[in-house]
Amino acid sequence: MARGRGRWLLPTRLLNVCLAALCRGGSLAAAESVLVDAIRLGLPPDVVTYNTLLAAHCRAAGLEAGLAVMGRMREAGVEPDAVTYNSLIAGAARRGLPIHALDLFDEMLRAGIAPDSWSYNPLMHCLFRSGHPEDAYRVFADMAEKGIVPCDTTYNTLLDGMFKAGYAMNAYRMFRYLQRAGLPVSIVTYNTMINGLCSSGKVGYARMVLRELGKTDHAPNIITYTAVMKCCFKYGRFEQGLDTFLSLLDRGYISDVYPYCTVISALVKKGRLGEANNYCDLMLQNGSRLDSVCYNTLIHLRCQEGKLDDAFELVSMMEDGGLESDEYTFAILVNGLCKMGHIEAAEKRLFYMEMKGMQSNVVAYNCLVDALCKFQEVDAAIRLLQCMKLKDDFTYTSLVHGLCRVGRYHMASKFLRICLREGNNVLTSAKCAVIAGLRSSGFKNDLRKVRSVKPKRNKIKHHGKLQTSPLVGKRYRLSMCTKPPLTGVCVALDFVGKVRFALVEELGSEVHRDGDYHRAVHVWIYSESTGELLLQRRADCKDSWPGQWDISSAGHISAGDSSLSSAQRELDEELGIKLPSDAFELLFVFLQECVINNGTYTNNEYNDVYLVTTLTPIPLEAFTLQESEVSAVRYMHLDEYKSCLAKESGEYVPYDVNGTYGQLFSIIEESYHFEAIQYIIPLAIPVAPRFLSKLSCFNLSCHVYRYKDNIESRSLTLQKQINRYAPIHLEPELTSLSEGDREALGYILKASIVIDDIFYEQVWNSNCTLRDWLKAHANYSSFDKLKWLYYSINKSPWSCLDENKAFLSTADSAVKLLTDATKSVSGWKGIEYRAAFPRDNPPGANFYPPDMDKMEFELWKNGLPEKEQKDATGFFTVIKRHDALLPSILAQSDGSNQTKTSDDLFVVPYSEEYKSSLEKAAELLHKASECSDSPSLKNLLKTKANAFLSNDYYESDIAWMELDSNLDVTIGPYETYEDGLFSYKATFEAFVGVRDDIATSQVKLFGDQLQDLEKHLPLDNVYKSDNVSAAPIRVINLLYNSGDVKGPQTIAFNLPNDERIVNERGTSMVMLKNISEAKFKHILKPIANACIREEQEDYVDFEPYYTHIVCHECCHGIGPHSITLPTGKRSTVRMELQEFHSALEEAKADIVGLWALNFLIKKGLLPKSLSESMYVSFLAGCFRSIRFGLEEAHGKGQALQFNWLYEKGAFVLHSDGKFSVDFTKVEDAVESLGREILTIQAKGDKPAAQSLLQSHASLTQPLRVALDKIEHMQVPVDITPIFGTANKLLANDR
């Protein structure tokens, strides 16, 4: 009989509904009968039919039954789907079979079935349950990366697993993160949090979450209150827990048996068996259907009472009711039998358990191993252990203890080593018993082996071997999920990034027990006036170095916390000192690896070492000591403490002063330059003749500490650094300016000063404070004046010409007073401390949080909508952290410490971040606009003022390109060199000059030739642009500059950098002619005299030098800017190359500029006399730019070019130490480098850019030869302008 699809559609659905109802009721036999009858009647079952039956069998009978159903399914010609595999994975998870679950997942992938969130959820649950949180985390990460949106159950599984794995605070941070991300938080999530926090001992946090639940729309349910009851029982508040239960019972809130089980289990643990029986009776009278949890509770009670017959009768009742004995049932029975001494019965029960497929029930096996050892049947215990497929810490602890009891220490040490190598551990008492036994028995070799073994991290164990899960070290093969990133996915990815590091919790003992690598902070307090360090005496109860003198303060960095916030927290907790972030100077990172306490304490710690400098010692009575950590504090001189460490005195925690930690002392000595002088003072006292021979014993030896007279040497160093800049007076004529523009000039100069203030703030968060301090103290001494002068050149404490090495130290910094940092002490005004600054120039300047790294930014950015991503990576925004707006150290209402979270960056536009300064600058520019009588200048000033307030610079940049005025003004945020992380953020700058009309007309040629140059670039045609606008070039004589003009002075600039404008209209260039003339005269000519061979020295001339500068700026406007990646995505060179963009772009403009000059010479547009002089002038210019330092973009780019051309033989070093150009090779070498850089930019190939710079942008031997000759002749490195005309105008306005 023919059966169409439509004819059987409804009956098949009815069949599925019927089967589902029977399966939910536990009537599997009836469900199977219905299916058989349906098939006999010709009713075809579909995939839903089999999935319903399979899921029921997995729940009731286990994984094997489910696999059997899948076999029948395939025989019937029905292919499994994702739901099929999800049910099987869930079945494996229920039985605690992670390997089976992973195998099923792999099988699903091989079958081409795309997993969903319900495939991942049971897999995560299984891995957490079997003790492998790291693998569960990898599942979560893989899920997020595949674009699969996590559901509520995903996050609840992750939270529950983290609690069970011991990472309570990580779970709490994730919960807060989910709330902030706006994801739905259900009552299940709240229950998970309350239960997990209570179980982890975080009662204060649990109360906080419970209070929050009361303010939501979710009503607490019976599970919520049961979690609270469990907490009460766990922490000894039995009466309160019982009252809660009885109150719920009276109100009729208890509708199931779970609360009864909670109460009964708690009473059994306390040995209150009579009360437990009373509550059992209440539960049975309630009439609720008993599940396996209830039966297990009752069975446990009967076993504790010793009523094994009653316990087995309950097992029979449970199985007669259609419920299967689970792992807990068998573990309870085996434990009860062992306690009663029925070892054989326990072994039979284990055998029966194995037949049921529960080989992973390690608890049941452990009970028998422990019993065998207590009955001194250790050989039987060993045989049982060898049969076990899973083993844990308790397995080995029982066996090691048992072997020690019978005196078999050699065998005990063997199993102890096996245990440690497999990633397990044993109780400290077991280790001590082995070590003591080996020592007393003379097994020295075994003793050495035990102490030398380092524990490894756990991995999944299967069939007695250590195996790596398929999720470890191997990617999923799934590639068919192409969903766009959604909110849930982005949140998951973000969270993945934040827990990637080792998960360090308050339970530091576990970290040291397992030898985990983790992070910590060391905070030293140093008194400047006395040269002393503050030491703390560790409490006698500490696991490590009890009672010894140690660091001022130290502690672990919890996962999710920043290093700096941890340093602040530890200082507050241990010593009662609350200090702001600018008091902490990060000195270095120190890896400490050691094993102490007979191998039970392993310290693998990355320590961030901080220094807090106070002017005078803090009174000892001002400290509030944390008794569990610190027993006393005292000050000790630096040299004396260093000497004690060198002598390895037992009173002090050991540190190797000749190793990495010795930097602490060398840094302080370098900063403060003190020395110790030893005086021997004889005692002038009467001594009896018989004691004369011992007189020397009564001499007093003392150390007097004084600061070295080092100001003179530091002054000489600073003077040498200042002398590298030749002072140049800039006084251009203003005769070409109209009266209105002269009046406007005064306001523009004042606005430029405001711009300077903003730039100081952008460089580093405390830069303005340091500037004001140095300026205020500049007249105190000649040394202070030199510090201020060199700081003014660099606009920071880092020297631009010395690869940003600090030329100041914290000892030169501002002094601040805190009156309430500690408890008050009579007659003491408070802590005076030095505002610290980082020894290394922060790569993110002040555009990003100081503790943010690139990975965190990328993960956060990827979770944003497209528009917000553009804001995050835009020129005119800064990135902040929400917690930066709050106090550094928070306290909970219940008195416990509240962990500071470091989640969630956010974007702040410049118009808000620098609001007060920009409003002031905008007002001045509006006034200047009203005064000016040049229409284009009026428009520029007006639009720029509006841009300062709106944060939209597009219109003002167009106005700048169209500027046609004798008074030339460039003001605003442009260059991105300070952003060393990504080159995203623009710094503010101002250039004010007077246009040179004659020179401007002479360079018009270059702007007109840009399209032709683009067409003939040494680059594949597919990457070239067909629309390059002619770049207007303006030549000016500089009158004043401010903002981002620290260190070496720029001679030209090519703006704007906004790719939208570059694509639409190109760029415009400004040449600073008087700056170029000064640099050529004072720097380039002397360099040529020192480094260029005599026969080529005359080629070095201002015309080719200046012409190449013009061409350099033109070439910024050609080549790749907006690009298409191989994936088809549109992007920009700046976005793709990130921190390598600036150096490579400068190198491109230089080398392509040389190529362009040669191209124009061949076209007859430039004189042939330049064809050789331009290369020699360029060679001399290389040495000039490299002296800026390889941390600076121009210097790095120039080093790249020199080394490339030198390798190609275009530049030649002769035996006399001088250089020349090989004109037969230079043209090809220039073109090859141009092609290399342009291709990297066109492809957006960041790895290639990094490789090119790393291999060539270095200080090679030929460069050292040249720089040494220049240094010997004391040629200035650059110039520092003195703005005579501008200063007179500003003085007159005042």
Side-chain angles (χ1 to χ4, degrees), residues 479 854-855 857-858 861-862 866 869-870 873-875 976-977 979-984 1010-1011 1013-1029 1054 1057-1064 1066-1067 1112 1114-1156 1159 1193-1194 1196-1201 1203-1205 1207-1208 1228-1258:
S479 60
K854 296 181 72 172
M855 177 186 289
F857 178 86
E858 291 291 351
K861 182 200 73 176
N862 291 338
E866 185 177 356
Q869 286 193 33
K870 290 181 179 179
T873 58
F875 288 110
T976 61
Y977 301 129
D979 182 359
L981 284 178
F982 299 104
S983 290
Y984 289 160
L1010 279 187
Q1011 184 62 66
L1013 290 172
E1014 174 80 17
K1015 181 180 177 181
H1016 292 88
L1017 280 175
L1019 176 68
D1020 291 347
N1021 290 332
V1022 68
Y1023 300 123
K1024 295 177 183 177
S1025 173
D1026 296 328
N1027 184 25
V1028 175
S1029 303
N1054 187 356
N1057 290 322
D1058 188 335
E1059 284 88 0
R1060 297 174 301 168
I1061 300 176
V1062 173
N1063 292 332
E1064 294 169 9
T1067 59
H1112 167 105
C1114 284
C1115 289
H1116 276 302
I1118 61 175
H1121 289 90
S1122 294
I1123 58 175
T1124 302
L1125 301 177
T1127 60
K1129 176 187 173 184
R1130 293 289 295 168
S1131 185
T1132 65
V1133 177
R1134 181 178 68 89
M1135 290 288 292
E1136 296 307 315
L1137 300 191
Q1138 295 182 346
E1139 70 270 27
F1140 305 115
H1141 170 259
S1142 295
L1144 211 63
E1145 176 61 23
E1146 291 303 324
K1148 179 208 84 171
D1150 259 348
I1151 206 70
V1152 174
L1154 270 183
W1155 168 87
F1159 177 82
H1194 297 81
K1196 187 179 291 185
Q1198 202 69 261
L1200 160 63
Q1201 296 167 81
N1203 289 326
W1204 182 284
L1205 297 180
E1207 287 178 7
K1208 300 295 183 182
D1228 291 339
V1230 166
E1231 183 170 333
S1232 66
L1233 179 56
R1235 179 178 296 277
E1236 180 76 11
I1237 294 175
L1238 288 167
T1239 303
I1240 289 172
Q1241 290 185 321
K1243 293 180 178 180
D1245 192 344
K1246 183 179 177 181
Q1250 181 180 13
S1251 175
L1252 181 65
L1253 288 168
Q1254 286 181 345
S1255 60
H1256 287 84
S1258 59

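Position 1 is the first residue of the sequence; numbering continues from there.
One distance of note links CG of Leu1238 with CH2 of Trp1155; it measures 9.0 Å at 0.5 Å rounding. Phe1159 CZ to Leu1017 CG: the interatomic distance, rounded to the nearest 0.5 Å, is 9.0 Å. Taken from OG in Ser1142 to CG in Asp979, the straight-line distance is 8.5 Å, to the nearest 0.5 Å. Taken from NE2 in His1116 to CG in Asn1057, the straight-line distance is 8.5 Å, to the nearest 0.5 Å. Going from atom OG1 of Thr1067 over to atom CG of Asp1058 covers 12.0 Å, rounded to the nearest 0.5 Å. If you take CD1 on Ile1237 and CD on Gln1201, they are separated by 6.0 Å, rounding to the nearest 0.5 Å.
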- request: Would you please test Phe875 and Thr976 for side-chain contact (heavy atoms from CB on, under 4.5 Å) and show each step?
  value: CA-CA 8 Å; Phe875 288 110; Thr976 61; 3.7 Å; yes
- request: Determine, step by step, whether Leu1253 and Lys1196 satisfy the side-chain contact (heavy atoms from CB on, under 4.5 Å) criterion, reporting the C-alpha distance in whole Å, the side-chain angles of both residues, the deciding distance to 0.1 Å, and the verdict.
  value: CA-CA 8 Å; Leu1253 288 168; Lys1196 187 179 291 185; 4.2 Å; yes
- request: Go through the steps to decide whether Glu1059 and Ser1122 satisfy the test side-chain contact (heavy atoms from CB on, under 4.5 Å), and finish with yes or no.
  value: CA-CA 7 Å; Glu1059 284 88 0; Ser1122 294; 4.0 Å; yes
- request: Starting from the C-alpha separation in whole Å, work towards a yes-or-no answer on side-chain contact (heavy atoms from CB on, under 4.5 Å) for Ile1123 and Gln1241.
  value: CA-CA 8 Å; Ile1123 58 175; Gln1241 290 185 321; over 6 Å; no
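Taking both residues in full, the closest heavy atoms of Ile1151 and Val1230 are given as O-CG1, 3.5 Å, listed atom of the first, atom of the second, then distance. Between Leu1019 and Ala1242, the shortest heavy-atom distance links the atoms CD1-CB, 4.4 Å. Of all heavy-atom pairs spanning Arg1235 and Thr1239, the tightest one is O-OG1, 2.7 Å. Considering every non-hydrogen atom in both Ala1156 and Leu1013, the closest pair reads CB-CD2, 3.8 Å. Minimum interatomic distance between Pro1120 and Val1133 (heavy atoms only, all atoms of both residues): O-CG2, 3.5 Å. Of all heavy-atom pairs spanning Lys1148 and Ile1118, the tightest one is NZ-O, 2.7 Å.
A donor and an acceptor atom, one from each side chain of His1112 and Glu1146, are located under 3.5 Å apart. Judged by distance alone, the side chains of Glu1014 and Ser1025 never bring a donor and an acceptor atom under 3.5 Å apart.
With sequence neighbours left out, the ring pair (Phe, Tyr, Trp, His ring centres under 6.0 Å) criterion links His1194 to Tyr977.
Ion pairing between a basic and an acidic side chain is recognised when a charged N comes within 4.0 Å of a carboxylate O; Glu1139 and Lys1246 show such pairing. With salt bridges taken as basic N to acidic carboxylate O contacts below 4.0 Å, none links Glu1136 and Lys1243.
With a 6.0 Å cutoff to the six-membered ring centre and a 45° limit on the axis angle, Arg1134 does not count as a cation-pi contact of Phe982.
Checked by atom type and distance alone, the side chain of His1256 never pairs as donor or acceptor with a backbone atom of Gln1254 at under 3.5 Å. Put simply, the side chain of Asp1150 never gets that close to the backbone of Gln1198: no donor and acceptor are under 3.5 Å apart. Formation of a donor-acceptor pair under 3.5 Å by the Thr873 side chain with backbone atoms of Gln869 is found in this model.
Taking a 6.0 Å sphere around NZ of Lys854, one finds it holds more than 12 heavy atoms contributed by other residues, nucleotides or ligands.
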